[in-house]
Amino acid sequence: MTETLICPPLRLGERIVVDPPVVLAPLAGITNVAFRRLCREYGAGLYISEMITSRALVEGNPKTMQLISFAADETPRSIQLYGVDPAVVGQAVRLIVERDLADHVDLNFGCPVPKVTRRGGGSALPWRINLFDDIVRAAVTAAAGQVPVSVKMRLGVDADHLTYSEAALRAQDAGVAYLALHGRTAADFYGGQADWQPIAELAELLDIPVLGNGDIWEASDAIRMVAETGCAGVVVGRGCLGRPWLFADLAAAFQGRPSTALPGLAEVVRAMYRHAELLCEWLGSERGVVDFRKHVAWYLKGFSVGSEHRRALAMASSLADLAELLGQLDQSQPFPAEILGQPRGRTTGARKVALPDGWLADRESRQVPFGAELADSGG
Ligand SMILES: Cc1cc2nc3c(=O)[nH]c(=O)nc-3n(C[C@H](O)[C@H](O)[C@H](O)COP(=O)(O)O)c2cc1C
């Protein structure tokens, strides 16, 4: 049987080939070494760490050092950095290269959280186009051709203050390997529907690969995004919450094969336990099981499981506890097909973006915003 290749593999630098061109989006508190490994067990692609604060990395913050753990067989190792100071971002990338901490660095310019934008960080930053340029150039220079650097951004601050075209061109000039665009502004937060049209515009405008991000809930959405925008690959975030097998579907879809069978509850239970087990390997048995709690509702969405049982699962305090509670479920249930294509995770929307005083009036300033760097990573 011949397979139809939807998109050629994505090449990053000399050594990295991402095939299919599918990227697990950085998700703070989620895309740690355990979840990335689980997703890798189902599919293929590039799996990015949760966001790591450049300053915390430079200072050797213990939580941050734990967050940049990789499995021995994880390749390529990909770290997402967040930073607002070109000097610090440069230092962080230099450290990554010198200590061989990762094979790829992604830069976060998409964070819409008020405590960050209020100080000029995250998705507020590309508005200060020269500062954005300085940060991206500092990262690419420090990477010294050893590690490809990519940029992930939103459309802009709000509909009246879009930044994506200019920032993308600057990032391309600075030498980034690809540009990932989430089709929402900071003001959109996670609400409404992502606008894929700007992804198509950038794919036309840039010579480097453009990856599309926003509202890919099923593999068919990914294929539709490629068809509608001409993007070179996709970045998938919330769609994989409680559904690591989405990466198997994506791999099949990018090879032009039909999606794999939907997992019944027995298989979902196996994935849940495996996820908890991997978290325990990474964090220790107590913290691992506690960290797993937030995933329970996502895995069980649409299955017939009583509210008390769900609550008990979300409060399990040991792997044995979890195994016993999972064992009590009616595992003959098929996958609830009615939830396919439905949003999951954060979906709250439209708000006024908190910005520093005078931020929008001055596009040219290169001044590093004060206090916009998070003390530690994730979150
Ligand atoms: C819980 C959560 C955590 C996130 N953490 C990060 C992050 O650390 N870095 C980042 O660039 N984006 C982060 N994002 C944004 C996602 O990477 C992605 O751009 C967004 O969810 C849109 O894609 P999706 O519709 O496929 O979810 C986060 C989103 C969520 C819901």
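Both backbone and side-chain heavy atoms feed into the values below; hydrogens, waters and symmetry mates do not. We count ligands from 1, going down the list as the structure has it; atoms in each ligand are counted the same way.
- Polar contact with ligand 1: present for Gly237 (N/O pair, distance under 3.5 Å).
- Under 4.0 Å is where a charged nitrogen must lie from a carboxylate oxygen, and between Arg36 and Glu74 at least one such pair does.
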When you look at His161 and Val353, which way does the side-chain contact (heavy atoms from CB on, under 4.5 Å) test go after all the steps? CA-CA 11 Å; His161 302 90; Val353 184; over 6 Å; no

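- Contacts of Met51 with ligand 1, taken as heavy-atom pairs under 4.0 Å, involve both backbone and side chain.
- Less than 4.0 angstrom separates some heavy atom of Lys152 from each of these atoms of ligand 1: 10 (C), 11 (O), 12 (N), 15 (C), 16 (C), 17 (O), 18 (C), 19 (O).
- Cation-pi geometry between Arg154 and Tyr190 is met: the NZ or CZ atom falls under 6.0 Å from the ring centre, inside 45° of the normal.
- A distance below 6.0 Å separates the ring centres of Tyr178 and His104.
- With a heavy-atom cut-off of 4.0 Å, Leu27 touches ligand 1 through backbone and side chain alike.
- Atoms of ligand 1 lying under 4.0 Å from any heavy atom of Ala25, numbered from 1 in the order shown and given with element: 17 (O).
- In terms of N/O distances under 3.5 Å, ligand 1 is approached by Gln80.
- Proximity of Gly214 to ligand 1 is established by a heavy-atom distance of less than 4.0 Å.
- Clustering of Ile, Leu, Val, Met, Phe, Trp and Tyr by side-chain heavy atoms under 4.5 Å joins Val58 with Val88.
- Screening residues 19-42 for ring-ring contact (aromatic ring centres under 6.0 Å, His included), with sequence neighbours left out, gives Phe35-His275.
- A donor-acceptor contact under 3.5 angstrom links the side chains of Glu201 and Tyr164, judged on distance only.
- Between Pro26 and ligand 1, at least one N/O pair is under 3.5 Å apart.
- Contact of the Arg184 side chain with the Asp215 side chain is registered, since non-hydrogen atoms from C-beta on lie closer than 4.5 Å.
- Contact annotation: Asp215 has at least one heavy atom less than 4.0 Å from an atom of ligand 1.
- Under a 4.0 Å heavy-atom criterion, Tyr190 is in contact with ligand 1.
- At a 4.0 Å heavy-atom cut-off, ligand 1 touches His182 through the side chain alone.
- Atoms of ligand 1 found under 4.0 Å from any heavy atom of Arg238 (numbered from 1 in listed order, with element): 21 (O), 24 (P), 25 (O), 26 (O), 27 (O), 31 (C).
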Just do the salt bridge (Lys or Arg N to Asp or Glu O under 4.0 Å) check on Lys152 and Asp106 with the steps written out, would you? CA-CA 7 Å; Lys152 178 167 178 285; Asp106 184 51; over 6 Å; no

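- For ligand 1, the polar-atom distance check finds no N/O of Ile30 at less than 3.5 Å from any of the ligand's N/O atoms.
- Not a single N or O atom of Arg184, backbone or side chain, sits closer than 3.5 Å to an N or O atom of ligand 1.
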